[in-house]
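Working notes, structure below.
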Amino acid sequence: MAFFKLKLHWQILIALVLAIVAGLLAGREAALLGVSVYSIFDFIGQLFLNALKMLIVPLVVSSIIVGVSGIGGSRNLGRLGAKTIGYYVLTTLLAVLAGLFVVNLLQPGVVEGSAQEVFGLSAERAGFEAQFADKDAGDIVEVFLRMIPTNVVAAASAGQMLGLIFFSLLYGYYLTRIEGDHAKVQGDFWNGMFAIMMRITDLIMRFAPLGVFALVAKTVADSGIEVFGPLALFFLTVVAALGIHFFITLPLLLLLAGFNPLRHYQAMSAALLTAFSTASSSATLPLTMESLEKNAGVSNRTTSFVLPLGATVNMDGTALYECVAVIFIAQAYGIELGLATQITVVLLALTTSIGVAGIPAASLVAISIILAAVGLPLEGIGLILAVDRILDMMRTSVNVFGDSCGAVLIAKSEGEQGILQGPARG
Ligand code: ASP
């Protein structure tokens with residue numbers, strides 16, 4: 001069929017458009033031969049997500065071990081590590097500042113009358129307060145405490161990526177410090193596991209159009225379009241700020257380094273569309289790695305170090321969203337945030353975005369921590385729940401794009417050749 005001859009990103013894009021139509025037509029009620037269409041979307045989407053998630057732990061562990069042991073020597077590792085962290089901090093800060101600027105400019109939360117009445121608290125509110133009730137600033141410390149896990153297997157099974165990354169970094173580093181047979185066996189083992197994970201990624205990628213169709217159709221059937229109503233300006237504020245980062249700041253960095261940003265969008269398109277549909281940068285990680293290596297031509301040495309770290313630690317879109325959401329909630333409750341408090345919000349958004357997991361709706365926990373830390377009402381989260389999912393899809397794409405630009409820029413600074421040249425594969 002002609003459809004399967006198209007490049008993968010076109011297939012995914014077509015699936016996405018069809019999904020919006022199908023989701024709107026089906027809603028939650030439609031049935032086909034007595035089976036709910038919604039549950040079919042849910043089932044297929046879940047299968048696709050499961051397949052991606054299945055790869056995360058072995059992929060992250062093996063790629064970091066292979067990456068770090070391939071970097072060779074503590075001096076190289078230190079240099080690459082410093083560049084990577086420097087890039088993360090700089091770009092996340094630029095993203096948050098874009099958010100701060102737009103939310104102060106458009107003031108989406110400033111309304112006449114009571115915020116609850118104007119914006120309406122989401123129907124899902126009942127469960128959420130209990131979920132976030134006990135959050136306070138101490139939770140930020142908790143996040144960093146977990147960076148050194150007491151039990152690495154438990155960290156892996158609970159999906160605590162920071163702990164797993166820390167352990168893998170150490171493991172990879174000391175792999176280069178042992179000798180003889182042990183070093184060879186270990187090196188071969190992890191390299192083999194990594195290669196196998198990438199092959200399985202290839203396989204799962206072929207199902208991306210179907211998975212994306214199901215996930216997006218389900219989300220559209222869930223939300224409908226009426227959710228926007230009073231939240232339209234908040235929605236636009238987030239989209240505009242994300243747009244500044246995605247279409248101006250990051251491409252500008254690529255341009256300054258001598259790359260054609262359009263070529264990079266093209267190389268990353270399948271991963272960006274998958275990030276959009278899954279709202280999870282961790283689940284997208286296999287595709288991000290694959291796209292960067294195969295389409296953008298970045299070496300495995302760089303991607304396997306920069307990307308797994310980035311998928312957990314570097315979240316430009318998430319940090320931006322946290323900042324905009326907190327200031328929006330303050331505006332909605334008529335609470336004026338002075339400069340000092342706004343700077344505190346910026347710093348907290350930066351720090352908490354590091355600890356936020358790359359899974360859907362993870363920002364909400366971070367937002368509740370910031371609200372508690374600056375003394376804003378926790379129930380404010382109820383104001384944004386209705387549009388959170390769609391904004392989650394967008395901020396996740398920005399998160400993934402930020403990581404991918406980092407890999408390109410760091411690879412270039414390490415003297416790699418042939419990046420973003422040659423024709424893009426789909
Ligand atoms: N869903 C986001 C991600 O995976 C995290 C968040 O902002 O909720 O990157």
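Only a predicted model underlies this, so the values are computations on that prediction, with no experimental measurement involved. Indexing begins at 1, ligand by ligand and atom by atom, following the structure's order.
By the 30° and 60° cut-offs, the orientation of the rings of F246 relative to F401 is tilted.
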Quick one: side chains of residues 306-315, donor-acceptor pairs under 3.5 Å with protein atoms, not counting sequence neighbours, listed by atom name and distance.
from, atom 1, to, atom 2, distance (Å)
N314, OD1, T92, OG1, 3.2
N314, ND2, D403, OD1, 2.9

When the side chains of residues 11-21 are checked against the rest of the protein, which donor-acceptor pairs come out under 3.5 Å, sequence neighbours left out?
from, atom 1, to, atom 2, distance (Å)
Q11, NE2, F3, O, 3.3
Q11, NE2, F4, O, 3.3
Q11, NE2, L6, O, 3.0

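A salt bridge is absent between D202 and R206: the closest approach of a Lys/Arg side-chain nitrogen to an acidic carboxylate oxygen does not fall below 4.0 angstrom.
Residues meeting the side chain to side chain contact (heavy atoms under 4.5 Å, CB included) test with T249, sequence neighbours left out: L94, I244, H245.
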Show me the short polar-atom pairs for ligand 1: any N or O of it lying under 3.5 Å from a protein N or O, with distances only.
from, atom 1, to, atom 2, distance (Å)
ligand 1, 1 (N), A279, O, 2.9
ligand 1, 1 (N), I359, O, 3.0
ligand 1, 1 (N), D392, OD1, 2.7
ligand 1, 1 (N), T396, OG1, 3.2
ligand 1, 4 (O), S281, N, 2.8
ligand 1, 4 (O), S281, OG, 3.1
ligand 1, 4 (O), G358, O, 3.2
ligand 1, 4 (O), I359, N, 3.3
ligand 1, 7 (O), T318, OG1, 2.7
ligand 1, 7 (O), S363, OG, 2.4
ligand 1, 7 (O), R395, NE, 2.7
ligand 1, 8 (O), A362, N, 2.9
ligand 1, 8 (O), S363, N, 2.9
ligand 1, 8 (O), S363, OG, 3.1
ligand 1, 8 (O), R395, NH2, 3.1
ligand 1, 9 (O), S281, OG, 2.5
ligand 1, 9 (O), N399, ND2, 2.8

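Using modelled atom types and a 3.5 Å distance limit, the side chains of Y38 and D222 yield a donor-acceptor pair.
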